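Worksheet: one structure, shown below.
All values reported here derive from a predicted model rather than from experimental measurement. All residue numbers refer to positions in the sequence shown, counting from 1.
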Amino acid sequence: MENLMDKRQITARVTKLTWERIWLHLEVKITFAEGADKDSKLSFYLVNGLYEPKAKLKVTEIEGDTYKLKINITNPGTGLCLPQGTYSMIICQKKCQMAKAEIAESLVKEMSSASRNFLYGGRAKVYSVTFYVTEGDEGLPFIMYVLAGGRTGISAPVAHAKKGFHPKEELKKKYSKINKPLKVDMYWKYRKLYKHKSKKPVVMFMSEQSTSISTNLKAVKDRMIARGLDEDYMIVESYRSSVTNPRQGLKSWMDLLKKMAMSDFIFLDDHAPVLDWLILDKDTALIQLWHAGAGFKSSGYSRWGHIGCPAPYSCHRQYKYGISGSKNIAHFFSEVWGINDSQVLPTGMPRIDEFLDKDYRRKKTKELYEKYPMCKDKKVILFAPTYRGTNKANAHYPYELIDFKRLYELCGDEYVVLFKMHPWVASEVPISDKYKDRFADVGRYPNINDLFYITELLITDYSSNIFEYSLMKKPMLFFAFDEIQYSFSRGFHRAYEESAPGKVCHTFEEVLQAIADEDFDYPKVEEYVEKHFDYIDSHASDRVIDWIILGSLPESVKKELAADAAMKKELETLDFKPIQ
């Protein structure tokens, strides 16, 4: 690439640095010299000390002479974190290097506070992004330093045995570390043995979170069988609860590894820890049929730096595709998984096929009124928040915040309340016997979506259950008593109060008042539906099958995938080395 920086046709100064979760936003002021080309497109690259371009920044807006840029440091378009290195920003035009960005003097004092440390690996490792200015340089060149580091000892060594040292536990840890390479070796041996053994392509449905098939996986599998595709494809399945029970036996591991090795397509419905360290053959397509629609909680790489976030390389990086309800919300999912927007296919959620089926709805509505006769001829309020806590082991809900007495009185002869807590919350809702004619704990009812048919008002908080319920075109309330704390500990991937499709309440008093006044901010529901659903039909499973398994991707998707592939190739082939 020709270097024309000495001609000073363009100068560039970074005037603003801000963060939005894992997105770095920059504003760069461009000044053109007299006679310079002001019309041709400008491109902005992060180039390391070896003159290798590792990222191309996205131009989000141009305001006069200011370019607004952004980059996702966990995935700058390559499907991996921005690598370690010392980066400069090079501005190019017509494949010529035109300028190296500098820092505006007004920004120098803010650079230290703009630096970020993202902790991961049980807070024992860190991914650090630092901005600084070096001494001796002419001007104030923009420098961005990226480092991945780990915990180091800072105390004097102790000769005696470590406190809390247990030989058996240490042996288990050692065995576990040895075990992973053995499992990887077993997978590749199975792959060599079974890759071409089946005369039919193999489609695998897999969960490491549950011992049974459910939601999107079940919908796609059932639809494949209904279409007779089980004649053309071999369907295999594996359902284990290895997340809550990690000590799976040898037989379980052999069965899982064999099925993965023989598969051409593997469909997941959640994170699979085994694929954090077992890298599949490149000919195997891993597809994420995420169980949630689109709530507010940050997860995956969207909450990088928070407790429980993934490592720089994880299962998510291996997805060929994921799915979403619409193109408008694809970026929420790509951010979570650390993949590109083009890889998130707006097929719709397969589990909604059954939810929208009129015959199924009539059948379930009848069953629900028989099971919960208190709901007949009443307006049903469904109280269905997410859990609090970091995982299944400590999941809970602060029932003391619910004023059961006043809620009961408010119900009168008009309302009844069904409490459906998150499946991870083990403790039952403390409903007094005197309230049981209007309150019921339906936590054991298997499918929350069925309950939406008889619900007139949903009260939730940060849960993704709003996704399906919004299709009922009925009001919602949001009891977000801990919005600030939750935002800090879990993080939101979008502005909560702006995006919540209903009125947000921060005290239970506000909840009671909103019900009494029927103040639900309902128009936000219709806005939510319009944004989150490209299709409102019962053919999402067919689109998953046709687009992914049968390979009939829409042309628009193919173009986006091709554009991302071209960008990756560009980064691999561009040469920023100075001409000797």
Side-chain angles (χ1 to χ4, degrees), residues 295-296 365 368-369 371-389 395-445 447-466 468-470 472-486 496-497 500-522 524-525:
F296 307 99
T365 300
L368 284 165
Y369 282 132
K371 187 174 182 66
Y372 306 110
M374 63 184 284
C375 297
K376 206 160 189 180
D377 301 321
K378 301 286 186 180
K379 290 182 180 179
V380 177
I381 297 173
L382 181 62
F383 189 90
T386 192
Y387 67 94
R388 300 306 190 272
H396 63 280
Y397 188 82
Y399 294 122
E400 66 274 10
L401 296 181
I402 303 172
D403 190 332
F404 290 96
K405 181 177 183 294
R406 290 190 60 199
L407 180 60
Y408 180 84
E409 292 169 350
L410 179 62
C411 287
D413 295 326
E414 185 178 7
Y415 293 102
V416 294
V417 183
L418 302 181
F419 294 87
K420 173 71 171 168
M421 308 313 292
H422 190 281
W424 284 7
V425 177
S427 59
E428 294 183 354
V429 183
I431 300 173
S432 174
D433 288 342
K434 61 184 177 183
Y435 299 146
K436 288 187 176 178
D437 60 324
R438 295 176 190 169
F439 294 170
D441 184 347
V442 296
R444 294 183 183 277
Y445 189 81
N447 190 349
I448 189 173
N449 288 355
D450 294 349
L451 297 170
F452 295 158
Y453 297 142
I454 64 170
T455 297
E456 291 298 321
L457 171 65
L458 173 66
I459 302 177
T460 185
D461 43 24
Y462 319 114
S463 174
S464 63
N465 58 28
I466 60 174
E468 284 87 350
Y469 184 75
S470 68
M472 297 287 97
K473 300 290 185 72
K474 295 176 182 178
M476 300 179 228
L477 279 179
F478 294 83
F479 180 32
F481 59 88
D482 56 350
E483 180 186 344
I484 294 174
Q485 297 93 326
Y486 202 89
Y496 179 67
E497 294 194 39
K503 185 178 180 66
V504 176
C505 302
H506 295 101
T507 67
F508 202 72
E509 176 67 33
E510 291 177 1
V511 171
L512 295 170
Q513 194 63 51
I515 297 171
D517 296 342
E518 295 188 355
D519 177 17
F520 306 129
D521 206 355
Y522 178 75
K524 293 175 75 176
V525 174

Would you please classify the geometry between the Phe383 ring and the Phe419 ring as parallel, tilted or perpendicular, with 30° and 60° separating the classes?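 Ring orientation, 0 to 90° scale: tilted.
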Where does the angle between the aromatic ring planes of Tyr387 and Trp424 fall among parallel (under 30°), tilted (30 to 60°) and perpendicular (over 60°)?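 Taking Trp424 first and then Tyr387, their aromatic rings sit tilted (interplane angle of 30° to 60°).
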Starting at [atom1] of [X], measure out to [atom2] of [Y] and round the result to the nearest 0.5 Å.
{"X": "Asp403", "Y": "Leu512", "atom1": "CG", "atom2": "CG", "value": "6.5 Å"}
{"X": "Leu458", "Y": "Ile381", "atom1": "CG", "atom2": "CD1", "value": "10.5 Å"}
{"X": "Leu418", "Y": "Leu451", "atom1": "CG", "atom2": "CG", "value": "6.5 Å"}
{"X": "Asp450", "Y": "Glu468", "atom1": "CG", "atom2": "CD", "value": "11.0 Å"}
{"X": "His422", "Y": "Tyr397", "atom1": "NE2", "atom2": "OH", "value": "13.0 Å"}

Beyond-backbone contact of [X] with [Y], side-chain heavy atoms, under 4.5 angstrom:
{"X": "Ile466", "Y": "Val525", "answer": "no"}
{"X": "Phe479", "Y": "Pro385", "answer": "no"}
{"X": "Glu414", "Y": "Lys378", "answer": "no"}
{"X": "Val416", "Y": "Cys411", "answer": "no"}
{"X": "Phe439", "Y": "Ser432", "answer": "no"}
{"X": "Met421", "Y": "Val429", "answer": "yes"}

How far apart are the closest heavy atoms of [X] and [Y], and which atoms are they?
{"X": "Ala384", "Y": "Ser463", "value": "O-CB, 4.3 Å"}
{"X": "Glu518", "Y": "Tyr415", "value": "OE2-OH, 4.2 Å"}
{"X": "Lys524", "Y": "Gly502", "value": "NZ-O, 3.6 Å"}
{"X": "Pro398", "Y": "Phe481", "value": "CG-CZ, 3.5 Å"}
{"X": "Ile431", "Y": "Ala440", "value": "CD1-C, 3.7 Å"}
{"X": "Phe508", "Y": "Leu401", "value": "CB-O, 3.5 Å"}

Glu456: what forms a side chain to side chain donor-acceptor pair (under 3.5 Å) with it, not counting sequence neighbours?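 Per chain and number, Glu456 pairs via side chain to side chain donor-acceptor pair (under 3.5 Å) with no residue.
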Sequence neighbours excluded, which residues qualify as side chain to side chain donor-acceptor pair (under 3.5 Å) partners of Asp519?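 Applying side chain to side chain donor-acceptor pair (under 3.5 Å) to Asp519 gives Lys503.
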Test side-chain contact (heavy atoms from CB on, under 4.5 Å) on Ile454 and Tyr369; report intermediate values, then the result. CA-CA 8 Å; Ile454 64 170; Tyr369 282 132; 3.7 Å; yes
Side-chain ([X]) to main-chain ([Y]) donor-acceptor, under 3.5 angstrom:
{"X": "Gln513", "Y": "Glu509", "answer": "no"}
{"X": "Thr507", "Y": "Glu510", "answer": "yes"}
{"X": "Lys420", "Y": "Tyr445", "answer": "yes"}
{"X": "Asp441", "Y": "Glu428", "answer": "no"}
{"X": "Tyr522", "Y": "Lys473", "answer": "yes"}

With side-chain contact (heavy atoms from CB on, under 4.5 Å) as the test, would you mind laying out the steps for Tyr372 and Val380 before giving the verdict? CA-CA 11 Å; Tyr372 306 110; Val380 177; over 6 Å; no
Does CD in Glu409 sit with more than 12 non-hydrogen atoms of other residues, nucleotides or ligands closer than 6.0 Å?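 Atom CD in Glu409 is crowded, with more than 12 foreign heavy atoms closer than 6.0 Å.
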Asp413 CG: over 12 foreign heavy atoms closer than 6.0 Å: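 Counting other residues, nucleotides and ligands, CG of Asp413 stays at 12 neighbours or fewer.
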Taking the six-membered ring for Trp and the full ring for Phe, Tyr or His, determine whether the centres of Tyr435 and Tyr408 are under 6.0 Å apart.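 Yes, close enough.
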Report the C-alpha separation of Val417 and Arg438 in whole Å, then their side-chain angles, then the decisive distance to 0.1 Å, and conclude whether the side-chain contact (heavy atoms from CB on, under 4.5 Å) test is met. CA-CA 6 Å; Val417 183; Arg438 295 176 190 169; over 6 Å; no
Quick one: which of Thr386, Asn449, Thr460 gives a side-chain contact (heavy atoms from CB on, under 4.5 Å) with Asn465?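 The single option meeting the side-chain contact (heavy atoms from CB on, under 4.5 Å) with Asn465 is Thr460.
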What's the verdict on side chain to side chain donor-acceptor pair (under 3.5 Å) for Tyr462 and Asp482, showing C-alpha distance, side-chain angles and the deciding distance? CA-CA 10 Å; Tyr462 319 114; Asp482 56 350; 2.7 Å; yes
Arg388/Asp461 salt bridge by N-O under 4.0 Å criterion: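 So Asp461 pairs with Arg388 through a salt bridge.
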Would you please test Leu477 and Ile515 for side-chain contact (heavy atoms from CB on, under 4.5 Å) and show each step? CA-CA 9 Å; Leu477 279 179; Ile515 297 171; 3.8 Å; yes
